[in-house]
Amino acid sequence: MLLSAWAQLWAYEAKNAQRLSPPQHLARMQFAFAHASLALWRCPQMWNEVACWMASHGHSEAARDAWRRALEVLPTHPLLLLASARHEEGDGNLEEARFQLEKLIEASPKAVHYIARLRLAWRTQTAADARKVFARARRAATCSWHVYAAAAELEFQHARDAADGADVAARIFTLAVERFPASGQLALYYAKFLLSVRDLANLRALLEEALQEVPAAERLPLWDFYARVECRFGSASAAASVCARRAA
């Protein structure tokens, strides 16, 4: 209730109904923040809302200070570390952005956090650096197929040659399938990638293998996708065969 009430007050002050000048409006927002922090000191939403407002209105240093203070109170909170890293990257402080994400991984080595670090590496470092991040993520106990999928897509997106990128991505997806052979979600995700690069031969091979490995309860989306592929790209007899097998 308290957070909701403060959010309403913050939204009202943000509208600047009094038509204050930018410096006056900033001072009023900082005043509202100071009052809120007395009761919401350990509330990450409050800190992030304040910092984001500061950043979006051109007060970069005030935003940085808000995130710095927030991380003194909640040093390992994912929301604050991710937001702070994004802000530092936007301001060109790339080492600080990487530091924040490394700190996040150390505190909470989830797959999604490794993916955030991997994406940052591709944006701001070399391909070799990004692949080292992927190698670390693969070794993590929390690694999921999503890490492989992100790595494959990033290789494809950043490749200078589309064919080479597709080949590297396919090899990464293959490693994922070998590690998570019973994941219907992974098989479907990989199948959609193969369709996007028009690799129909490997697409059909993947689906045939997945329909043997994936638990029966997860096969229906794969059958539906297989039927659509054959209806669009296959022969009439191939489409009929898949539809008949699906119905069996």
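Computed from heavy atoms alone, side chains included, the values below leave out hydrogens, waters and symmetry copies.
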Pairwise distance CZ(R139) to OH(Y114) - rounded to 0.5 angstrom | 8.5 Å

Report the C-alpha distance between E61 and R64 in whole Å, list the side-chain angles of each, state the deciding distance to 0.1 Å, and finish with yes or no for salt bridge (Lys or Arg N to Asp or Glu O under 4.0 Å).
-> CA-CA 5 Å; E61 285 304 318; R64 180 174 291 105; 2.7 Å; yes

Is V112 reachable from W122 through a run of hydrophobic residues whose side-chain heavy atoms are each under 4.5 Å from the next?
-> no

Least distance between heavy atoms, Q30 atom then A62 atom = NE2-CB, 4.5 Å

Under 3.5 Å donor-acceptor, H77 side chain and L79 backbone = yes

Mark yes or no for whether R98, through its side chain, and T124, through its backbone, hold a donor-acceptor pair below 3.5 Å.
-> yes

Hey, mind stepping through E155 and R131 against side-chain contact (heavy atoms from CB on, under 4.5 Å) and telling me if it holds?
-> CA-CA 9 Å; E155 287 282 357; R131 288 165 186 152; 2.8 Å; yes

For atom NZ of K103, decide whether the heavy atoms of other residues, nucleotides or ligands shown that lie under 6.0 angstrom number more than 12.
-> yes

Any donor-acceptor pair under 3.5 Å linking the side chain of R160 with the backbone of G165?
-> no

Over all atoms of both residues, closest heavy-atom pair of L118 and A150 = CD2-C, 4.4 Å

List the steps and the verdict of side-chain contact (heavy atoms from CB on, under 4.5 Å) for F173 and L186.
-> CA-CA 9 Å; F173 272 120; L186 168 59; 4.3 Å; yes

Does H113 use its side chain to pair, donor to acceptor, with the backbone of S108 at less than 3.5 Å?
-> yes

Are the side chain of D161 and the backbone of A163 linked by a donor-acceptor contact shorter than 3.5 Å?
-> yes

State which residues pass ring-ring contact (aromatic ring centres under 6.0 Å, His included) with F225; sequence neighbours excluded, sorted by chain then number.
-> none

Nearest non-hydrogen partners of L222 and L188, listed with the distance | CD2-N, 3.7 Å

Check ring-ring contact (aromatic ring centres under 6.0 Å, His included) between F31 and all other residues, then give those that pass, not counting sequence neighbours.
-> H35

Residue pair L200, L195: steps toward the side-chain contact (heavy atoms from CB on, under 4.5 Å) verdict | CA-CA 6 Å; L200 297 179; L195 180 61; 4.0 Å; yes

Judged by atom type as modelled, is there a donor-acceptor pair below 3.5 Å linking the side chain of T142 to the main-chain atoms of P109?
-> yes

May I ask you to decide whether E102 forms a salt bridge with R136, counting only side-chain N to carboxylate O separations under 4.0 Å?
-> yes

OG of S84 to CZ of F99: how many Å apart, nearest 0.5 Å?
-> 10.0 Å

Check L154, V147, I115 against F134 for a side-chain contact (heavy atoms from CB on, under 4.5 Å) and give me the one that passes.
-> V147

E88 side chain to A85 main-chain N or O, any donor-acceptor pair under 3.5 Å?
-> no

What distance separates Q125 CD from K132 NZ, expressed to the nearest 0.5 Å?
-> 9.5 Å

A111 and S144: which non-hydrogen atoms are nearest, and at how many Å?
-> CB-OG, 3.6 Å

Out of curiosity, does F193 fall in the hydrophobic cluster containing L211 (side-chain heavy atoms, cut-off under 4.5 Å, transitive links)?
-> yes

Without swapping roles, check the side chain of T174 against the backbone of A170 for a donor-acceptor pair under 3.5 Å.
-> yes

Work out which heavy atom in R28 is nearest to a heavy atom in E13; give both atom names and the distance.
-> NE-OE1, 2.6 Å

Is the shortest distance from a Lys or Arg side-chain nitrogen in D224 or R228 to a carboxylate oxygen in the other one below 4.0 Å?
-> no

By the rule that ILVMFWY residues connect when side-chain heavy atoms come within less than 4.5 angstrom, directly or transitively, which residues belong alongside W10?
-> L2, L3, W6, L26, M29, F33, L40, W41, M46, W47, V50, W53, M54, W67, L71, V73, L74, L80, L81, L82, L101, L104, L120

Rounding to 0.5 Å, atoms CD (E49) and SG (C43) come to a distance of 10.5 Å

Side chains of R179 and Y148, donor plus acceptor under 3.5 Å | yes

Interatomic distance, CZ@R246 vs OG@S241, rounded to 0.5 Å, equals 13.5 Å

Mind checking side chain to side chain donor-acceptor pair (under 3.5 Å) for D164 and listing every partner two or more places apart, or none if nothing turns up?
-> none

What's in the same ILVMFWY side-chain cluster as L9, cut-off under 4.5 Å, chained through other members?
-> none

Where the side chain of R117 meets the backbone of I105, is there a donor-acceptor pair that is under 3.5 Å apart?
-> no

same_hphob_cluster(F233, V197) at 4.5 Å side-chain heavy-atom cutoff | yes

Stepwise side-chain contact (heavy atoms from CB on, under 4.5 Å) test for S21 and Q24 = CA-CA 5 Å; S21 66; Q24 290 175 320; 3.1 Å; yes

Once you round to the nearest 0.5 Å, how far does CD of Q100 lie from CZ of R86?
-> 12.0 Å

E72 atom CD: more than 12 heavy-atom contacts under 6.0 Å = yes

With no hydrogens and no angle check, do the side chains of E208 and Q212 hold a donor and an acceptor under 3.5 Å apart?
-> no

Contacts satisfying side chain to side chain donor-acceptor pair (under 3.5 Å) that involve residues 188-204 (not counting sequence neighbours) are E153-Y189, D199-N202, R204-E230

All heavy atoms of A14 vs all of H25, minimum pair found to be O-CE1, 3.5 Å

Examine L94 and V133 and state if one hydrophobic cluster contains both, with Ile, Leu, Val, Met, Phe, Trp and Tyr joined whenever side-chain heavy atoms are less than 4.5 Å apart.
-> no

